[in-house]
Amino acid sequence: SHSFAQKQQIDSLEKLISIERIDSNKIKLTNELAWAYYQDKQSEKAKKLAFENIERAKKLNWNKGIANSYETLSDFYVNIDKRDSSTIYL
């Protein structure tokens, strides 16, 4: 089933994140995890991760990571039909 596959993807990403040592890779994986949470109807968890990722990327001064994290956050708002909120993060 879809939710079983989604749960497996979430578990896999959580494991990868826990062992990843390179911060930029951890940010990329966490954006993927946030999206997986969103698809699994866990939008609050997804938003929390996206906001945390923005802060992580800012601490690294990694502009691409900051932009990707904002894009992930913006996508959530577009997909939950809150387009006004999505433009704040673009």
Side-chain angles (χ1 to χ4, degrees):
S1 85
H2 172 62
S3 72
F4 178 73
Q6 201 64 46
K7 178 75 175 125
Q8 282 187 312
Q9 181 186 18
I10 288 169
D11 289 347
S12 291
L13 286 166
E14 286 174 341
K15 284 178 189 152
L16 286 171
I17 290 165
S18 72
I19 61 172
E20 181 58 59
R21 300 185 93 67
I22 300 170
D23 287 332
S24 58
N25 288 345
K26 194 171 277 211
I27 290 169
K28 290 175 194 173
L29 290 167
T30 304
N31 275 332
E32 285 183 46
L33 178 60
W35 191 249
Y37 276 137
Y38 173 76
Q39 291 177 316
D40 195 43
K41 311 282 189 262
Q42 298 183 58
S43 57
E44 288 308 310
K45 260 187 181 176
K47 283 192 293 185
K48 182 177 183 287
L49 280 179
F51 278 116
E52 288 172 0
N53 245 6
I54 290 165
E55 293 309 310
R56 259 189 221 108
K58 283 180 178 178
K59 284 179 186 168
L60 295 174
N61 292 316
W62 185 40
N63 290 332
K64 185 176 180 183
I66 296 167
N68 289 344
S69 299
Y70 273 120
E71 182 180 16
T72 298
L73 191 59
S74 178
D75 287 346
F76 298 147
Y77 285 107
V78 167
N79 282 297
I80 59 173
D81 209 24
K82 291 190 176 178
R83 285 175 177 74
D84 291 347
S85 295
S86 74
T87 59
I88 293 168
Y89 301 110
L90 287 177

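Keep in mind that the numbers below use all heavy atoms, side chains included, and drop hydrogens, waters and symmetry copies. Being a predicted model, the structure only gives us computed values, none of them experimental. Nothing fancy with the numbering, it's 1 onward along the sequence.
With respect to the salt-bridge test (charged N to carboxylate O, under 4.0 angstrom), the residues Asp11 and Lys7 qualify. Using a cut-off of 4.0 Å between Lys/Arg side-chain N and Asp/Glu carboxylate O, Lys59 and Glu55 are scored as not salt-bridged.
The shortest side-chain heavy-atom distance between Leu73 and Lys47 falls under the 4.5 Å cut-off.
Linking ILVMFWY side-chain heavy atoms closer than 4.5 Å, directly or via other members, places Ile17 and Ile10 in a single hydrophobic cluster. Using a 4.5 Å cut-off between side-chain heavy atoms of Ile, Leu, Val, Met, Phe, Trp and Tyr, with links allowed through other members, Tyr38 and Phe51 fall into the same hydrophobic cluster. Tracing side-chain contacts under 4.5 Å through hydrophobic residues (I, L, V, M, F, W, Y), one never reaches Tyr37 starting from Tyr70; they form parts of separate clusters. No continuous path of hydrophobic side-chain contacts links Trp35 to Ile27 [ILVMFWY only; heavy atoms under 4.5 Å].
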Pair Lys28-Glu32, salt bridge (Lys or Arg N to Asp or Glu O under 4.0 Å): steps then yes or no: CA-CA 6 Å; Lys28 290 175 194 173; Glu32 285 183 46; over 6 Å; no
Side chain to side chain contact (heavy atoms under 4.5 Å, CB included) assessment of Leu60 paired with Arg56: CA-CA 7 Å; Leu60 295 174; Arg56 259 189 221 108; 5.8 Å; no
Side chain to side chain contact (heavy atoms under 4.5 Å, CB included) between Leu33 and Glu14, intermediate numbers included: CA-CA 7 Å; Leu33 178 60; Glu14 286 174 341; 3.9 Å; yes
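Leu49 contributes atom CG, which lies 11.0 Å from atom CD1 of Ile54 (distance to the nearest 0.5 angstrom). Note that CD of Glu20 and CG of Asn25 are 4.0 Å apart. Values are rounded to the nearest 0.5 Å.
Between Gln6 and Ala36, the closest heavy-atom pair is NE2-O, 3.2 Å. When all heavy atoms are compared, the tightest approach of Ala46 to Ala34 is CB-O, 3.1 Å. Shown here for Gln9 and Gln39, the closest heavy-atom pair between the two residues is OE1-OE1, 4.5 Å. Annotation for Ala57 and Gly65: closest pair CB-C, 3.6 Å, computed over non-hydrogen atoms.
Remark: of the listed residues Ile22, Asn53, Leu16, Leu16 is the sole one forming a side-chain contact (heavy atoms from CB on, under 4.5 Å) with Leu29.
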